[in-house]
Enquirer: 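What follows is a single structure, and I will ask about it in a moment.
Owing to the predicted nature of the structure, the values given are computational and were not obtained by experimental measurement. Side chains are part of it too, since the values below use all heavy atoms of this structure and drop only hydrogens, waters and symmetry mates. Every chain is numbered from 1, with letters handed out A, B, ... down the list of sequences.
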There are 2 protein chains.
Amino acid sequence: MRHSRQRELILDIITGNTTHPTADAIYVAAREREPNISLGTVYRNLKVLAEEDKLVTLETQDKKIHYDYNVLPHGHFICDRCGKIYDMFYEDGQIGKLAERGFSVSGAKCVYYGVCAECGKKEKN
Amino acid sequence: MRHSRQRELILDIITGNTTHPTADAIYVAAREREPNISLGTVYRNLKVLAEEDKLVTLETQDKKIHYDYNVLPHGHFICDRCGKIYDMFYEDGQIGKLAERGFSVSGAKCVYYGVCAECGKKEKN
DNA sequence: TCCTAAATAGTAATGATTATCATTATTATA
DNA sequence: TATAATAATGATAATCATTACTATTTAGGA
């Protein structure tokens, strides 16, 4: 993978950004510093960076991919009203702690990724 | 909400269906019994049924919404290789039990939904 | 039966993401 | 340092899941 000014810029924009921005939001921010950057370039690099585990994607009900620079394992809370995405770093008693902070949880979606038993067997052969 | 043959059919197709089908797959199945049913009708009813908590949506990396008739709280495991979606009904030691069954977990995405503290405060006013 | 609003079928529109491709930029090597 | 090979870009077109639109049909109560 070759170095590029644009990819550097995108990484710089998301690093430390806790707003879980969409590709478009990143594009808008990028144009402030690199006015000719293309939306396609933003998408392409976000995809590459996600494949390299430099960032993590979050598929939500708004049908836009949100990007998270924080690749450490943690969960998210999405407000049904304002749509804001909060990070959840604690592992134990998550819902209880959210309640203490005034967050009411009405539902959860947990998805695990990996290789299933069937495919694991095939790969051994 | 008025009764409709089409909505009944869609509910019948997903009830007990553990494959987490997409709208298109449901459409294909529906056409076998109702050849003139419209794709729009399928989408419209799936949306309504989800709003009525008759089914649950699952947003995945394939950019298609998957529908789950099982509205009881449970998680999912998506195989990176074959894309198959498995249900996870146990609450404790989930990853450990998956490993016992030959599933290797490489990552997880947990999203909680509800109302955040800020919006909750506004609603009280 | 008749009326009214909800639901449908068919189709067009939307919008996020991807693909394409000619051009530019990076980097290894002579 | 110049050059060659090719990865990356910018601009734009294409894709495709989902939604909107609209004329027509249908459910179900008066």
Side-chain angles (χ1 to χ4, degrees), chain A residues 1-14 17 19-52 54-68 76 78 83 85 109 111, chain B residues 1-14 17 19-52 54-68 76 78 83 85 109 111:
Chain A
M1 179 145 74
R2 228 172 243 188
H3 174 268
S4 95
R5 199 174 60 252
Q6 291 85 340
R7 185 178 306 126
E8 197 79 0
L9 172 59
I10 290 166
L11 250 179
D12 190 61
I13 286 171
I14 54 166
N17 183 332
T19 65
H20 310 83
T22 60
D24 196 66
I26 292 163
Y27 172 60
V28 169
R31 285 189 69 128
E32 288 177 16
R33 287 203 258 162
E34 187 83 35
N36 286 325
I37 195 170
S38 168
L39 181 57
T41 297
V42 173
Y43 272 105
R44 191 173 348 97
N45 280 298
L46 288 171
K47 189 174 226 182
V48 167
L49 290 168
E51 283 166 0
E52 303 261 315
K54 295 281 205 308
L55 55 83
V56 144
T57 63
L58 194 59
E59 292 77 23
T60 68
Q61 294 186 353
D62 68 4
K63 282 173 293 171
K64 296 174 197 164
I65 301 175
H66 292 256
Y67 296 88
D68 192 343
H76 293 97
I78 303 180
I85 303 175
K109 291 184 184 178
V111 179
Chain B
M1 178 145 74
R2 219 172 252 188
H3 174 268
S4 95
R5 199 173 61 253
Q6 290 86 341
R7 179 153 49 234
E8 197 79 1
L9 172 58
I10 290 167
L11 250 180
D12 189 61
I13 287 170
I14 54 165
N17 183 330
T19 65
H20 310 85
T22 60
D24 195 67
I26 293 164
Y27 172 61
V28 169
R31 285 190 70 128
E32 289 176 14
R33 286 202 259 162
E34 186 83 36
N36 287 326
I37 195 171
S38 168
L39 181 57
T41 297
V42 172
Y43 271 105
R44 190 173 348 95
N45 280 297
L46 287 172
K47 190 174 226 183
V48 167
L49 291 168
E51 282 165 0
E52 303 261 314
K54 295 280 204 310
L55 54 81
V56 143
T57 63
L58 193 60
E59 292 76 23
T60 67
Q61 295 185 353
D62 66 6
K63 282 171 294 172
K64 296 173 196 164
I65 301 175
H66 291 256
Y67 295 89
D68 192 342
H76 294 97
I78 303 180
I85 302 175
K109 290 184 185 178
V111 180

Enquirer: Which atoms form the tightest heavy-atom contact between B:Ile10 and B:Thr41, and what is the distance?
Expert: CD1-O, 4.1 Å
Enquirer: What is the distance, to the nearest angstrom, from the CD atom on A:Gln61 to the C1' atom on C:dA16?
Expert: 17 Å
Enquirer: How do A:Ala23 and A:Arg5 order along DNA chain C: which one's closest nucleotide is nearer the 5' end?
Expert: A:Ala23
Enquirer: Do any side-chain nitrogens or oxygens of B:Thr41 fall under 4.0 Å of OP1 or OP2 in C:dA9?
Expert: yes
Enquirer: For B:Val111 and A:Thr60: C-alpha separation, side-chain torsions, deciding distance, then whether side-chain contact (heavy atoms from CB on, under 4.5 Å) applies.
Expert: CA-CA 9 Å; B:Val111 180; A:Thr60 68; over 6 Å; no
Enquirer: Could you check which of D:dA11, C:dA25, D:dT18 has an atom nearest any side-chain atom of A:Arg2?
Expert: C:dA25
Enquirer: Starting at CZ of A:Arg31 and ending at C1' of D:dA11, how long is that distance when rounded to a whole Å?
Expert: 11 Å
Enquirer: Send over the distance from B:Asp62 CG to C:dA16 P, rounded to a whole Å.
Expert: 18 Å
Enquirer: Would one find a side-chain N or O of A:Lys63 under 4.0 angstrom from OP1 or OP2 of C:dT17?
Expert: no
Enquirer: Rounded to the nearest angstrom, tell me the gap between atom CD in A:Glu8 and atom P in D:dT9.
Expert: 12 Å
Enquirer: Establish, with yes or no, whether the OP1 or OP2 oxygen of C:dA9 is under 4.0 angstrom from a side-chain nitrogen or oxygen of B:Gln6.
Expert: yes
Enquirer: Below 3.5 Å, does any donor atom in the side chain of A:Arg44 face an acceptor in the base of C:dT18, or the other way round?
Expert: no
Enquirer: Using whole Å, report how far CE of A:Met1 lies from P of D:dT9.
Expert: 10 Å
Enquirer: Nearest heavy atom decides the nucleotide; on that basis, is A:Leu39 or B:Tyr67 closer to the 5' end of DNA chain D?
Expert: A:Leu39
Enquirer: Find the distance B:Asp24:CG to D:dT15:C1' and express it as a whole number of Å.
Expert: 15 Å
Enquirer: Measure CD/A:Glu34 against P/C:dA25 and give the value in whole Å, please.
Expert: 11 Å
Enquirer: Restricting to non-hydrogen atoms, name the atom on B:Arg33 and the atom on B:Asp12 that form the minimum distance, rounded to 0.1 Å.
Expert: NH2-OD2, 2.6 Å
Enquirer: Which part of the nucleic acid, if any, lies within reach of B:Ser4 when heavy atoms closer than 4.0 Å are counted: base, sugar-phosphate only, or nothing?
Expert: sugar-phosphate
Enquirer: Below 4.0 angstrom from OP1 or OP2 of D:dT19, is there any side-chain N or O of B:Tyr43?
Expert: no
Enquirer: Please find the pair of heavy atoms, one from B:Ala23 and one from B:Tyr67, that lie closest to each other, and give the distance.
Expert: N-CE1, 3.9 Å
Enquirer: What is the separation between atom OH on A:Tyr27 and atom C1' on C:dT18, rounded to the nearest whole Å?
Expert: 16 Å
Enquirer: Is the backbone N or O of A:Glu59 less than 3.5 Å from a side-chain atom of B:Lys63, with the two atoms forming a donor-acceptor pair by type?
Expert: no
Enquirer: With a 4.0 Å limit, can you tell me whether A:Lys47 has a side-chain N or O closer than that to the phosphate oxygens OP1/OP2 of C:dT18?
Expert: yes
Enquirer: What nucleic acid atoms does A:Asn45 come within less than 4.0 Å of, heavy atoms only: base, sugar-phosphate, or nothing?
Expert: sugar-phosphate
Enquirer: With respect to the phosphate group of D:dA8, does any side-chain polar atom (N or O) of A:Arg7 fall under 4.0 Å of OP1 or OP2?
Expert: yes
